[in-house]
Amino acid sequence: MSALLLGPYRTLRLRRAPQWVEVRLSRPEARNAMSFEMVGELRALFAALDSPAGRAEVQAVVLRGDGGHFCSGGDVKDMRAALSAPLPSGRAEGRAERVRADALASANRGFGELLTAARACPQALIAALEGAVMGGGFGLACVADFAVARDDVTLALPEASLGLTPAQIAPFVAQRLGLPAARRLALTGLRLDAAAALRLGLVEEVCDSEEALAAALTRLLGAVSRCAPEARAHTKRLLARAVALGAEAGGDLDALLDDAALEFAAAARGGEGAQGMLAFIHKQPPPWQAAWGEGPRY
Amino acid sequence: MSALLLGPYRTLRLRRAPQWVEVRLSRPEARNAMSFEMVGELRALFAALDSPAGRAEVQAVVLRGDGGHFCSGGDVKDMRAALSAPLPSGRAEGRAERVRADALASANRGFGELLTAARACPQALIAALEGAVMGGGFGLACVADFAVARDDVTLALPEASLGLTPAQIAPFVAQRLGLPAARRLALTGLRLDAAAALRLGLVEEVCDSEEALAAALTRLLGAVSRCAPEARAHTKRLLARAVALGAEAGGDLDALLDDAALEFAAAARGGEGAQGMLAFIHKQPPPWQAAWGEGPRY
Amino acid sequence: MSALLLGPYRTLRLRRAPQWVEVRLSRPEARNAMSFEMVGELRALFAALDSPAGRAEVQAVVLRGDGGHFCSGGDVKDMRAALSAPLPSGRAEGRAERVRADALASANRGFGELLTAARACPQALIAALEGAVMGGGFGLACVADFAVARDDVTLALPEASLGLTPAQIAPFVAQRLGLPAARRLALTGLRLDAAAALRLGLVEEVCDSEEALAAALTRLLGAVSRCAPEARAHTKRLLARAVALGAEAGGDLDALLDDAALEFAAAARGGEGAQGMLAFIHKQPPPWQAAWGEGPRY
């Protein structure tokens, strides 16, 4: 296992299991508020998960929080420190340079980089939500492939009530929930409870006990274990690319479907597809499923 | 208050309250059918709402109809008059010129301009739907940030049953409801009742009396009052831009997130964000909320 | 009726009625698995439906399967044959050339062409789902304008569990169900039953008997019969184009709305719109509805 993936981390707590890993946001004294250090450690973690070692060893990530909360949003203390940092003296050209020259803008931007990386991770990303899921925590919930929740969960985008925008979070919320729902939540700061999150499709299952949550996570990990790792990563990329081009007929869609056809043929000829079809014919579990042993248990 | 915002209008009826305004479509003899004059007055109104005075004085707009209906669609009398207008003799080049040269196309196009302006208005736009919500009325409901309905509401896109297309409305319906639902409604003209509109997510709440509607509007206005005006306008722009680029990772998303980070830092340093965080620390209402006085009451 | 539309087909079974046609996937011995021949016949059929004769004679298509199943996905036998075909010896340049040079990639790609054509067909496309709706069958359900289901339906994207990607299907699933739902289904292969498909909005109605299904289809065909053929085709194109551009305000949306306004004026002046408004005034059925005679009955 890659050293970077193992840590040590100061704001995260990792638990390894065969083929999957649990990542706990762990600043329970601040309801896991996203400090700059935590953002940095999560970005390092997702970089490690996207490395060859990470791809080979980890097929699923369960993301949750310590102490009964998922994540209460950005850390106000860190933000106030960045606010008092001296502003750049010279005049930066270009927006990326201006962001880098400003400690506060740059810290804010780092959270967007984290969400971009988490959304693109080749593993199946499962969020287990409970307690406070605010601001940045809401953003993390939106980039997960799957989300389940405890019945005590409360989700909100409170930025506008503080005079701020959900700057790095908004695009990911809009993609996850659609523009109308994203707009309503961001313009009011209204709190969603578990039932409302379920109706909105933001979580797939609400669990009324830790046992029920564990059972839901075990089922999800089981479904992930049956699907081939490369096929999963390719499918995530393919869907992201399809959504990006708005599914327009014409040049772009044709190119995407051409690429997908070549990828399909390559997998069927020599890769996971050849193994999968052989296993199917012989009524045996395919090698990627066998690698999970008895099967996952949360 | 800007003179333009105050009117006088012939087809609209305005009621002012501190920080918000109610706009009633008011041609009850025609179930508020959208005459060319009404389209023109609504466009003037939304232009005034987007002016510095409009932004400063109005934070929310409640849009509804007089006489128990929201809006029954385009006005047939006006359309027949435009039909009998002489067609342009010369040959216009370019599509925009061809539209301008044709009284009917140009009137139709004006309604699309209205929907574009309403969708982009910096205020929170709340539609209160009842009775007939047809064609253009359906379009207005789709660009509102929030929609609540009386239980007697009936929504439909009847254009195709008249041999016409929902030409200026279709893109806004597709964005609000998604392509599949938009297609079903536009291809059949089927009528939605209140329960169906709720299931579809087109309205957030169905109210069985005028009192219940007033209570729902009071709650929504209250939520709007707690959020900062500039943060709201920035968030609306940010979300619209995010949706437009399909949330593709890469150059465009990076540029959007860079801009958002700079906007965030500017607000936190000297703008609403600085005021909001200070108020939060001192456990006081922020200045924008204080401006609403006792709080809104519909 | 165009000869091509009438067949003969070996893998499809057609039933003609005035103004509409039922198309049955008909390889019941393989639960209507999509053989290369079936893909070819369906592509020929959709080409004929998009011809002048097809547009004139057919206003709606009901697509279903023979023998109690809709379609169980790609045909494994055909795929294994393509797998054993010799690979191209020379080195193809460009992705489209590489696809054409590879029997397997090219067969896979043909299915994407079928979905693109089915999505763009000028008729109202109604899918009647029952039994297995897997892989490619799921893709066909996603491009239909309307989908109803029997209560015994089971839908899934099993590709990843075979080590393959839903290569040609994924973009159409993402457009139909949104990225999050598409991702969950494609990454797990989880099976949806009728109730889950209804909740997801993939089907509009679940019918507990063949009689109930026939009644639902009769109602849908009735709604289609009231709408004008050209208006329907224009509306489908308009919506597809609106979704493709992400509904961004600015140049592209303006161009789309300009085109739509010109189309609207042309229809109102001399086309279906003029007929429709006249019929409305005289309280008579418009000519396109009269063409269906007594009205459709499934």
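We use all heavy atoms of the structure for the numbers below, so side chains are in, but hydrogens, waters and symmetry mates are not. Chain A is the first sequence line, chain B the second, and so forth, proteins listed ahead of strands; every chain is numbered from 1.
- For Ala124(A), no part lies under 4.5 angstrom from a heavy atom of chain C.
- Proximity to chain A (any heavy atom under 4.5 Å) is restricted, for Ala82(C), to the backbone atoms N, CA, C and O.
- For chain C, no part of Ala279(A) is nearby; none of its heavy atoms comes within less than 4.5 Å.
- In this structure, CD in Glu204(A) is found 9.0 Å from CG in Leu190(C), a value given to the nearest 0.5 Å.
- Between Asp254(A) and Arg109(C) a salt bridge is recorded (basic side-chain N to carboxylate O distance below 4.0 Å).
- Of the possible polar contacts, none joining the Arg183(C) side chain to the Phe146(A) backbone as a donor-acceptor pair under 3.5 Å is found.
- Residue Arg199(C): no heavy atom, backbone or side chain, is found under 4.5 Å from chain A.
- Contact annotation: the side chain of Ile281(A) approaches that of Arg80(C) to within less than 4.5 Å [non-hydrogen atoms, C-beta and beyond].
- Side chains of Met277(A) and Leu83(C) form a contact here, defined as non-hydrogen atoms less than 4.5 Å apart.
- The existence of a salt bridge linking Asp145(A) and Arg184(C) is excluded, since no basic side-chain nitrogen approaches an acidic carboxylate oxygen closer than 4.0 Å.
- In the displayed structure, Tyr298(A) atom OH is contacted under 6.0 Å by more than 12 heavy atoms of other residues, nucleotides or ligands.
- When heavy atoms are compared at a cutoff of 4.5 Å, Phe172(C) approaches chain A solely by way of its side chain, counted from C-beta outward.
- Gln289(A) does not touch chain C: none of its heavy atoms, backbone or side chain, sits under 4.5 Å away.
- The shortest side-chain heavy-atom distance between Leu262(A) and Val99(C) falls under the 4.5 Å cut-off.
- Environment of CZ in Arg43(C): crowded, with over 12 heavy atoms of neighbouring residues, nucleotides or ligands closer than 6.0 Å.
- Arg269(A) has a carboxylate O that lies under 4.0 Å from a charged side-chain N of Asp102(C), or vice versa, which qualifies the two as a salt bridge.
- A distance of 11.5 Å separates CZ in Arg232(A) from OG1 in Thr188(C), rounded to the nearest 0.5 Å.
- Annotation: side chain of Leu187(C) is not in contact with side chain of Cys227(A) (no heavy-atom distance under 4.5 Å).
- Looking at Gln168(C), its side chain does come within 3.5 Å of a backbone N or O of Leu257(A) through a donor-acceptor pair.
- For Phe280(A), the part sitting under 4.5 Å from any heavy atom of chain C is the side chain, from C-beta outward, and nothing else.
- Note that the CD atom of Glu263(A) and the CG atom of Leu164(C) stand 11.0 Å from one another [nearest 0.5 Å].
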